[in-house]
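As structure tokens, the structure follows; a few thoughts come after it.
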Protein chains: 2
Amino acid sequence: MNIGQAAEASGVSAKMIRYYENIGLLPEAYRSASGYRKYSAADIHRLKFVRRARDFGFPMAQIVELLALWSDRARPSSEVKRIALAHMDELDAKIKHLRALQKSLKTLASHCHGDERPDCPILEELEH
Amino acid sequence: MNIGQAAEASGVSAKMIRYYENIGLLPEAYRSASGYRKYSAADIHRLKFVRRARDFGFPMAQIVELLALWSDRARPSSEVKRIALAHMDELDAKIKHLRALQKSLKTLASHCHGDERPDCPILEELEH
DNA sequence: ATAATCCTTCCCATCATGGGAAGGTCAAGG
DNA sequence: CCTTGACCTTCCCATGATGGGAAGGATTAT
């Protein structure tokens, strides 16, 4: 399978497949005589795995670890769980941050008339 | 005031002050005879405004608009409110997304033993 | 006068992704 | 057999907001 079909089948763009190979997330693909990258069903399987890990929001560094664990039959599931929990902590921190921002904004916006008058507590707050 | 003191006073790094000037967010700074950027109290005031808008998570494009409204005495507060509400919508969308990710992960992680055994529903889910 | 600190511009890196150019390859159809 | 179009290759550039650092000039303090 060429890279275009692999991209289609896995949901990872050809650009990203080359990029992943480049940064060492994926092993170097087998090449045809003319230099085309060739992908097997197992390769597609791995690409899908990466794709889904991205969908879950895992950063690349964690995906590297997850891929290693995935292909390690003797892995302890505690390692996988540890990565997942750490990621959840990251998500939690981000959510908390965004919610705090939203809360502040909400308060400000609720005090803003939102009409043709120029006075506005939002600008006043930014001005400080 | 030189750029270093302006950075200190405003909480915006010298690097970022130059960058903001470069992308047109801020007007070109007055220069001394030897080419040093010089900042007035009004400049510091504007830098602080930008800084606080960043703290609220506004993207640069919105900050450009907010700055323009800030210096427009005839602005309608509805314009400011519109920008703030749009930003809140963005934050809301991000929060929803992160919460959805977290919810999925939580379910998966709760089913993972997290011990020395290799079987793990997290990897199984990623594998699909 | 000299050293230390500040300033200038310019380049590079992040992270994951896409756009696009220049040029080689392959498959289908006339 | 040759052309055409679709595909592939590598390489460079851009994103957004930020920092690091180098090379060289300016200012300030000793």
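To find a chain, count down the sequence lines: A is the first, B the second, and so on, and within it residues start at 1. Keep in mind that the numbers below use all heavy atoms, side chains included, and drop hydrogens, waters and symmetry copies.
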So does [X] have more than 12 non-hydrogen atoms from other groups sitting under 6.0 Å from [atom1]?
| X | atom1 | answer |
| --- | --- | --- |
| Glu8(B) | CD | no |
| Arg31(B) | CZ | yes |
| Arg52(A) | CZ | yes |

[N] [atom2] sits how many Å from [X] [atom1], rounded?
| X | N | atom1 | atom2 | answer |
| --- | --- | --- | --- | --- |
| Glu8(A) | dA6(D) | CD | P | 16 Å |
| Met60(B) | dG16(D) | CE | P | 10 Å |
| Ile23(A) | dA13(C) | CD1 | P | 15 Å |
| Gln62(A) | dA16(C) | CD | C1' | 15 Å |
| Asn22(B) | dG19(D) | CG | P | 16 Å |
| Ile3(B) | dG19(D) | CD1 | P | 13 Å |
| Met1(B) | dC7(C) | CE | P | 12 Å |
| Glu90(B) | dG16(D) | CD | P | 13 Å |

Q: Answer yes when Arg18(A) and Glu21(A) have at least one side-chain N-carboxylate O distance shorter than 4.0 Å, and no when they do not.
A: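 Between Glu21(A) and Arg18(A) there is no salt bridge, as every charged N stays at least 4.0 Å from the carboxylate O atoms.
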Q: Quick one: pull up OG in Ser77(B) and NE2 in His111(A) and give me the separation to the nearest 0.5 Å.
A: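 Interatomic distance, Ser77(B) OG to His111(A) NE2, rounded to 0.5 Å: 14.0 Å.
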Q: Specify the residue among Asn2(B) and Phe58(A) whose closest nucleotide of DNA chain C lies further upstream toward the 5′ end.
A: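 Per heavy-atom nearest nucleotide, the more 5' residue is Asn2(B).
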Does [X] make a side-chain N or O approach to OP1 or OP2 of [N] shorter than 4.0 Å?
| X | N | value |
| --- | --- | --- |
| Ser13(A) | dT17(C) | no |
| Tyr19(A) | dG18(C) | no |
| Ser34(B) | dT27(D) | yes |
| Arg37(A) | dT10(D) | yes |
| Arg18(B) | dC7(C) | no |

If you check every side-chain atom of [X], which of [options] has the closest atom?
| X | options | value |
| --- | --- | --- |
| Arg31(B) | dC8(D), dT10(D), dT9(C) | dT9(C) |
| Tyr36(A) | dC8(D), dA17(D), dC7(C) | dC8(D) |
| Lys15(A) | dC7(C), dC11(D), dT9(D) | dC11(D) |

Q. Ala14(A) or Arg54(B): which one's nearest nucleotide on DNA chain D is closer to the 5' end?
A.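 The residue whose closest nucleotide sits nearer the 5' end is Ala14(A).
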